[in-house]
Amino acid sequence: MQLEQFNYDNKIVRNFGLATIIWGIVGMSVGLLVALQLVWPEMNFGVQYTTFGRVRPVHTNAVIFAFVGNAIFMGVYYSLQRVLKARMFSDMLSKIHFWGWQLVIIASAITLPLGLTTSHEYAEMEWPIDLAITVIWVVFGVNMFGTIVKRRERHMYVAVWFYIATFVTVAVLHIVNSIQLPVTAWKSYYVYAGVQDALVQWWYGHNAVAFFLTTPFLGMMYYFLPKMANRPVYSYKLSILHFWSLIFIYIWAGPHHLLYTSLPSWVQSLGVVFSIMLIAPSWGGMINGLLTLRGAWDKVRTEPTLKFMVVALTAYGMATFEGPMLSLKQVNAIAHFTDWIVAHVHVGALGWNGFMTFAILYWLVPRIYKTELYSKKLANVHFWIGTLGILFYAIPMYWAAVVQGLMWKEFTPEGVLKYPNFLATTLEILPMHMMRAVGGALYLSGALLMTYNLVKTMTKGKLIANEPAEAPALEPIVKNERETHRRLERKPALFMVLALIAILIGGIVEMIPTFTIQSNIPTISSVKPYTALEIQGRDLYIREGCVNCHTQTVRPFRSETARYGEYSKAGEYVYDHPFLWGSKRTGPDLHRLGGKYPNKWHFDHLLDPTITSPGSIMPSYPWLIEQKLDNSTIKEKLNAMRMLGVPYSNEQVENVEQDMQKQAETITNDLAANQVKIASDREIVAMIAYLQRLGVDIKAESVTKVTDGQTVDN
């Protein structure tokens, strides 16, 4: 049989590898800054662009899309060429993909600290960047499927299945979650509101973890682990079962992030059921990986790449056990909104994604440079420093979570909250937060050590930019192929369609009834749209990233209603574009904040939180007092809201400036009466207006009930 000569493109692999290293250091460094600010808020250095609320999304997006994203493309571009026996479809598309992705990252790193954010977790970038992401993702898809079409290997190896599922699912997730109505070049509102927006966000958020942080890494595990161990994958049949069950079940589990909220209970129950089921395919993948090392465990002692791989798979197993456990309502009631969620996420991110990326870099760089790793000893040191970093990070966070959850719920024998002041729990867990920062510093130190090791490796060798290879031409299809899946592996287009159908079913079943059946989101007559000044304040709240620390949903627990007030109702959020329920309580819930404190209290709290809350770790916001409120686009904002169904009248739009001025003067006059003089056009006035509005509409609701046979209106 005649062999065809061709070259693998190692230059694009090298480029994504370098980007992985650089952005990894950046993302981890920002993460360390964020961790330090949760102990010493002054670590923002008094600059508005470096406060926790603005920097935290920089950290999450840098780690997810810059560090992990570039690692995915590095691994995919290397392994895809070799399992398909073909060079990438287009060198030009590879270059566009690489530079386009880096520009997206840079644009995000600039806009997020400026406060240009949508507030959707893991999708904070504004609509122009969302469009750019879409274009670059399509470029990646065309390049990948073009390579699959021109392959010289008829059967698609298991790694390619996961790459296909990653591409189609991330495309669907990104498009559905990014449907926004632009107001200006850098401001938009989500078309979804309240409960529906929350469902879409956590359908996206959970499955971004599934199909960006999990499935591509499983694909890379199926390629790189057998190569490192020089052993075949343990079970081909298990890989089939693992793949199809994982992509079908995972997509249903998003609602477990919204247990005990005003999301319809039937959707919550579906999320719980499928989350419990998810442990089977997840552990199936972990077991398939670990059993691939049968007969090669002696190599684990000497090969740092295998050490990293074993811990990565173990962390994956831990994280995928925790997810179903956290979806149990009894566990979720205590753990949700605490640091347990932070620990859970970072076991996956640091252990699974981080360690597998390190393993692949250590294995791949010497091969494309045709040399030996500069120092295995340094790689082993990195392994132990990184492992200690994960332990120092995760264990204190679990400890802090138990302390938080139990303190929030504890009552005295007299039946009142033992710790009514939320700050008491914050001060109690500060030592754990300090330990978390130590763990982050250790992990970052290991990454810096790896960088030195790999740079020395690169300088010792020479990049084989075009690696020679040969393979026979694509063999003809054998019609008498017996196994159904074997036949399916020969048909990439059909494979992609079936994968798309598998991931669409869950989202359709959960979302369409929530959007179309009105009884799922009952309205409340007393809930009115925000005033123009309150919208401006809400946008400032979003800009400052307050949702990163404060939730706006009171769950129906005695401990929460005693602390915050009446539990939250679905109808209260019908005008919220976007929803702001949050996912972590670093500070108290704010949904019933309106009218709880005078305007002067809010002014002092934003000027210097320690005035009202001694010991607070919330940063100061003096720029809200100094900066003038930009009202140049307020009419466009109201008109955008009208297009989204918010019932503003023509008169309200036309008289918006006068109405805003009137409400602002009411607040400033009250402040003046309390010895605070401030102009009515300052940002803090709008922020106070919004905070004072939170949760007050429900108090005005007319509730009809029967008492002793008499109908009484309350």
Side-chain angles (χ1 to χ4, degrees), residues 31-44 50-56 59 333-346 392-412 416-440 541 544-555 557 559-560 562-565 580-593 596-597 601-602 604-621 691 694:
L32 181 58
L33 175 65
V34 166
L36 291 171
Q37 288 187 10
L38 288 175
V39 182
W40 301 285
E42 59 272 14
M43 288 295 291
N44 71 340
T50 56
T51 54
F52 179 89
R54 297 205 196 185
V55 171
R56 190 258 182 179
H59 163 60
I334 296 174
H336 199 53
F337 295 140
T338 71
D339 283 321
W340 191 325
I341 310 306
V342 180
H344 167 59
V345 168
H346 282 80
F392 271 86
Y393 190 109
I395 293 172
M397 288 294 93
Y398 287 124
W399 191 339
V402 174
V403 171
Q404 284 175 307
L406 295 180
M407 285 181 72
W408 291 347
K409 288 185 173 294
E410 190 169 357
F411 284 83
T412 67
V416 297
L417 283 170
K418 186 171 182 179
Y419 304 101
N421 186 353
F422 185 94
L423 189 58
T425 62
T426 304
L427 298 176
E428 190 71 25
I429 63 173
L430 282 182
M432 292 78 144
H433 280 192
M434 293 177 188
M435 291 300 295
R436 191 240 311 251
V438 170
Y541 183 96
E544 299 300 336
C546 304
V547 72
N548 287 298
C549 290
H550 296 283
T551 60
Q552 286 187 25
T553 181
V554 181
R555 299 179 296 176
F557 299 139
S559 58
E560 295 205 11
R563 186 185 304 276
Y564 301 120
L580 294 175
W581 293 0
S583 59
K584 172 75 171 67
R585 283 178 180 157
T586 302
D589 187 273
L590 303 183
H591 194 212
R592 300 291 176 223
L593 185 65
K596 187 175 181 180
Y597 303 108
W601 186 94
H602 288 292
D604 290 341
H605 189 64
L606 291 166
L607 172 63
D608 180 359
T610 59
I611 296 174
T612 57
S613 309
S616 173
I617 59 169
M618 175 177 158
S620 302
Y621 292 89
L691 295 174
L694 288 174

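FYI, the numbering just counts along the sequence from 1. Please read all numbers here as calculations on a predicted model, not as lab measurements.
Under the side-chain contact (heavy atoms from CB on, under 4.5 Å) criterion, Asn44 pairs with Gln37, Thr50, Thr51, Pro619, Trp623, not counting sequence neighbours. Residues passing the side-chain hydrogen bond (donor to acceptor under 3.5 Å, both in side chains) test with Tyr541, sequence neighbours excluded: Gln552. For Tyr597, the ring pair (Phe, Tyr, Trp, His ring centres under 6.0 Å) partners at least two apart in sequence or on another chain are Trp601. Applying the side-chain contact (heavy atoms from CB on, under 4.5 Å) test to Glu428 and every residue at least two apart in sequence or in another chain returns Val403, Met407. Not counting sequence neighbours, the partners of His591 by the ring pair (Phe, Tyr, Trp, His ring centres under 6.0 Å) test are Tyr573. Residues meeting the salt bridge (Lys or Arg N to Asp or Glu O under 4.0 Å) test with Arg585, sequence neighbours left out: Glu560, Asp589. For Asn421, the side-chain contact (heavy atoms from CB on, under 4.5 Å) partners are Leu423, not counting sequence neighbours. Taking the side-chain contact (heavy atoms from CB on, under 4.5 Å) definition, one finds that Pro588 meets it with Phe422, His550, Tyr564, sequence neighbours left out. Annotation: salt bridge (Lys or Arg N to Asp or Glu O under 4.0 Å) contacts of Arg54 (sequence neighbours excluded): Glu544. In this view, Phe392 satisfies the ring pair (Phe, Tyr, Trp, His ring centres under 6.0 Å) rule with no residue, not counting sequence neighbours.
Applying the salt bridge (Lys or Arg N to Asp or Glu O under 4.0 Å) rule to pairs touching residues 393-412 yields Glu410-Lys418, sequence neighbours excluded. Screening residues 31-44 for salt bridge (Lys or Arg N to Asp or Glu O under 4.0 Å), with sequence neighbours left out, gives no hits.
For Thr412 (side chain) and Val416 (main-chain N/O), a donor-acceptor pair under 3.5 Å exists by modelled atom type. Of the possible polar contacts, none joining the Asp339 side chain to the Ala400 backbone as a donor-acceptor pair under 3.5 Å is found. Side-chain atoms of Arg56 never come within 3.5 Å of backbone atoms of Gly31 as a donor-acceptor pair (strictly under, hydrogens ignored).
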task = Could you give me the CA-CA distance, side-chain angles and deciding distance for Met618 and His605, then say whether side chain to side chain contact (heavy atoms under 4.5 Å, CB included) is met?
result = CA-CA 9 Å; Met618 175 177 158; His605 189 64; 3.3 Å; yes

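Between the CZ atom in Arg436 and the CD1 atom in Ile395 there is a gap of 14.5 Å [rounded to 0.5 Å].
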